[in-house]
Amino acid sequence: MQSAHINHLIDPSCADPHPQPADLLAWYDQHGRDLPWRLKGGRRPDPYHVWLSEIMLQQTTVAAVKPYFAAFLEAFPTVQALAAADDGLVMEMWAGLGYYARARNLLKCARVVTETYGGQFPQTASALKELPGIGDYTSAAIAAIAFNEPAAVVDGNIERVISRLYTIETPLPAAKVEIKAKVDALTPQDRPGDFAQAMMDLGATLCTPKAPKCLICCWREACAAHAIGIEERFPIKPQKKPKPVRYGTVFWIERNGQAFLIRRPERGLLGGMLALVSTDWDAEAPVPAAPCSAEWQVLPNEVKHVFTHFELRLSVWVARVDKAPPLQGEWRKMDTQLLSALPTVMKKAAKLAMTR
DNA sequence: TATCCGTGGGA
DNA sequence: TTCCCAAGGAT
């Protein structure tokens, strides 16, 4: 470590073989992103805000999270307020953000923190990791950012940065062990939270998957991949599998300006979310059995929607009825508020039905 | 370890 | 249009 500094002082043209955390922190102080859940000037942010933002940011872009983060803080200013919230309301507020298990675990976690920890989040990564919805990454991130623990934070950005810095040839996810060790060695005792966020900002703004901006990177001289011009080869990832197509039919049931909706079972796809009555979704287009007898109209356009591991094509059937179908469900006024309470695939179907 | 779990935006 | 993939976790 020390020798790298000395070499650098003796011969500035000599590429520094080691990335210096101080260089990255200096870059972060000047170029770090300005985000709603982030406090500037070394102030310790509210652990509730850090947790909420980290859960929302799992596999989700900053731009998508911003309005949801603001809405949740407005509706639930404290973790106790969230713990006391109605489950259905929380799911409807999460609608559109995806990965709905996060919302279910969000509530579970808020209730554990409120009831078991007196409303105070535990302050170590190991204790945080025991909470619902908090895994390796999120526990380390909260511990570092909110509680100054020098935990090794590794997300997708950091995997990319590290795999390039050290030309890690092992494909993901096997490379995670190696990457974690590198991050652990780099993480400073001072400002570990800023260091983690700086790494993520570097990955998000400069060390991007394609066309990284190495020319203006503070760690350019330390990057093994850049030294030989093969940045974009890293990280090495397994090849993706093709998405199968599944088919189904959803039923839009109308009465007096209201639509009949169900709540999906807690587990599985779109678990706990408001939805249209639906058949199962299978590889073969079903011969649908309508949930009740009525004059069904089949809409000319089908809904296409791409999930993480399959593509869905939904036929939409519409009918006006006099009484509710023999299912557990609820009538909801047909308005924009209803649309915003639905997960995106159901929102697409509802829109088609409402504007037919 | 592999699979399941959403969505929208950018190249 | 198509492909990629973004502050991952649970099982």
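Keep in mind the model is a prediction, meaning the values are calculated, not measured. Letters A, B, ... mirror the listed sequences (proteins, then strands); counts begin at 1.
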| query | What does A:Ile55 touch in the nucleic acid at a heavy-atom separation under 4.0 angstrom: a base, only the sugar-phosphate, or nothing? | reply | nothing
| How close or far is atom P of B:dC5 from atom CE of A:Met273, stated in whole angstroms? | 15 Å
| request: Measure the distance from NZ on A:Lys66 to P on C:dA6 and round it to the nearest whole Å. | output: 18 Å
| said: Whole angstroms only, please: what is the CG-C1' distance between A:Leu57 and C:dG8? | reply: 11 Å
| Separation of atom CG in A:Leu172 from atom P in C:dC4, rounded to whole Å | 15 Å
| request: Would you mind building the protein contact string for nucleotides 6-11 of chain B? One character per nucleotide, 5' to 3', B for base within reach (heavy atoms under 4.0 Å), S for sugar-phosphate only, - for untouched. | output: BBS---
| Under 4.0 Å: is that the gap between some side-chain N or O of A:Arg160 and OP1 or OP2 of C:dA6? | yes
| said: When the P atoms of B:dG6 and C:dC3 are compared, how many Å lie between them, rounded to an integer? | reply: 22 Å
| Do we get A:Lys182 above A:Tyr166's six-membered ring, with its NZ or CZ under 6.0 Å from the centre and within 45° of the axis? | yes
| message | With a 4.5 Å cut-off on side-chain heavy atoms, are A:Arg313 and A:Val245 touching? | response | yes
| field | Rounded interatomic separation in angstrom, taking NZ from A:Lys176 and C1' from C:dG9 | value | 11 Å
| field | salt bridge (Lys or Arg N to Asp or Glu O under 4.0 Å) partners for A:Arg111, two or more places apart | value | A:Asp87
| note | Walking DNA chain C from its 5' end, the first of A:Arg33 and A:Lys129 to be reached, judged by nearest nucleotide, is A:Arg33
| task | Take atom NZ of A:Lys304 and atom C1' of C:dT2, then tell me their distance rounded to the nearest Å. | result | 13 Å
| Touch class at under 4.0 angstrom, heavy-atom based, for A:Leu312 against every strand present | nothing
| query | With sequence neighbours excluded, what pairs up with A:Arg255 under the salt bridge (Lys or Arg N to Asp or Glu O under 4.0 Å) test? | reply | none
| message | Check whether A:Phe234 forms a cation-pi arrangement with A:Arg164 (NZ or CZ under 6.0 Å from the six-membered ring centre, at most 45° off the ring normal). | response | no
| field | Ring-face cation contact, A:Trp219 with A:Arg160, 6.0 Å cut, 45° max | value | no
| said: Between P on C:dC4 and CD on A:Glu232, what's the gap in Å once rounded to a whole number? | reply: 14 Å
| Using a cut-off of 4.0 Å on non-hydrogen atoms, how would the nucleic acid contact of A:Thr138 be classed: base, sugar-phosphate, or nothing? | sugar-phosphate
| said: Please confirm whether the shortest side-chain N or O distance from A:Lys240 to OP1 or OP2 of C:dC3 is below 4.0 Å. | reply: no
| task | Would you please confirm or rule out a distance under 4.0 Å between OP1 or OP2 of B:dT3 and any side-chain N or O of A:Lys241? | result | yes
| field | Flag, side chain of A:Tyr247 to backbone of A:Ser315, donor-acceptor distance under 3.5 Å | value | no
| field | Nearest-angstrom distance from the residue atom NZ of A:Lys237 to P of C:dC3 | value | 16 Å
| query | Hey, is the side chain of A:His309 poking within less than 4.0 Å of OP1 or OP2 on B:dT3, counting only N and O atoms? | reply | no
| Between A:Asp155 and A:Arg267, which has a closest nucleotide on DNA chain C that is more 5'? | A:Asp155
